> 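Handing you this structure, nothing more for now.
Numbered from 1 within each chain, the chains take letters A, B, ... in sequence-line order. Remember, predicted model here, so these are calculated numbers, not experimental data.
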Amino acid sequence: MARELLGKYLVRRRGKKLERFMITEVEAYDGFKDKASHASRGLTKRNAPMFGKAGVWYVYFTYGMHWMLNIVTGPEDYPAAVLIRGTEGISGPARITKYLKIDKKFNNKSATPKTGLWVESNPRFRNLKLEIKNSPRIGVSYAGSVWSKKPWRFFI
DNA sequence: TAAGTGATCTCT
DNA sequence: GAGATCACTTAA
């Protein structure tokens, strides 16, 4: 799912204006066992959206100043999400939310035009093979040698 | 390299 | 309720 999101558009509606940003960098957080995932210590008030339906935003606040944008994946009751780390023109997960004015008001909301933040396929890339690379995830050294090394960061 | 910043989590 | 931590950014 993380790979699928690469090359697609993150679309933000503000008033009547639509802004589209091609997603270029993501990270996967998968299941109960993933020690790098907020869900590794079970259900909490904060990570609850990760346990819900796929296609819903999980937006949380960290480091006292940054909002992180994730989209929930997987079946209900199975915690998994993809962190949107970068788009064309914006690199860095906190900068995306800063520039697109994304905060807790999107948390637990569906990714649809109705909510003002969603994902669209990219017709430009329908027939183009993207060169996708991967690496360990960023900023998760606390997760131990196994989980911090999982190559679940994907980027174009 | 380190400060900034405050919500959240764990432990008492 | 206290203390530690944090899926980061910026300025030095």
> For A:Met50 and B:dC9, what is the distance between atoms CE and P respectively, to the nearest whole Å?
12 Å

> Is there a path of hydrophobic side-chain contacts, each under 4.5 Å between heavy atoms of I, L, V, M, F, W or Y residues, that connects A:Trp57 with A:Met50?
no

> Step through it carefully: locate the ring centre of A:Tyr60, locate the ring centre of A:His38, and say whether they are under 6.0 Å apart.
yes

> Name the residue closer to the 5' end of DNA chain C, choosing between A:Arg95 and A:Gly139 according to the nucleotide with the nearest heavy atom.
A:Gly139

> When you measure from the side chain of A:Pro93, which nucleotide among C:dT9, B:dC9, C:dC6 comes out closest?
C:dT9

> Please state how far atom CE in A:Met68 lies from atom P in B:dA7, giving the value in whole angstrom units.
16 Å

> Is there a side-chain polar atom (N or O) of A:Thr62 under 4.0 Å from OP1 or OP2 of C:dC8?
no

> Please state how far atom CG in A:Leu69 lies from atom P in C:dC8, giving the value in whole angstrom units.
13 Å

> Applying salt bridge (charged side-chain N to carboxylate O under 4.0 Å, His left out) between A:Glu27 and each of A:Arg85, A:Arg137, A:Lys150, report the one that passes.
A:Arg85

> Heavy atoms under 4.0 Å, any strand shown: does A:Ala94 hit a base, just sugar-phosphate, or nothing?
sugar-phosphate

> Please report the distance, rounded to the nearest Å, between CZ in A:Phe61 and P in C:dA7.
13 Å

> Can you tell me the distance, in whole Å, between the CZ atom of A:Arg46 and the P atom of B:dT10?
10 Å

> So A:Phe51 and A:Phe32, side-chain contact (heavy atoms from CB on, under 4.5 Å) or not? Walk me through it.
CA-CA 10 Å; A:Phe51 290 75; A:Phe32 299 91; 3.6 Å; yes

> C:dC6 C1' sits how many Å from A:Arg41 CZ, rounded?
10 Å

> Kindly confirm or rule out a cation-pi arrangement of A:Arg95 over A:Tyr99, judged by NZ or CZ under 6.0 Å from the six-membered ring centre and within 45° of its axis?
no

> Can you say whether a donor on the side chain of A:His66 sits under 3.5 Å from an acceptor on the base of C:dA7, or the other way round?
no

> Any strand is fair game: report the nucleotide pairing with C:dA7 by Watson-Crick or G-U wobble, both distances under 3.5 Å, or none.
none

> Taking atom P of B:dT5 as reference, at what distance in whole Å does atom OH of A:Tyr60 sit?
20 Å

> Hey, does the side chain of A:Tyr142 come within less than 4.0 Å of C:dA7's phosphate (OP1/OP2), counting only N and O?
yes

> Counting side-chain heavy atoms from C-beta on, which of C:dA7, B:dT5, C:dT10 comes nearest to A:Tyr58?
C:dA7

> In whole angstrom, what separates A:Lys45's NZ from B:dA7's P?
12 Å

> Which nucleotide, if any, forms a Watson-Crick or G-U wobble pair with B:dT5, using both distances under 3.5 Å?
none

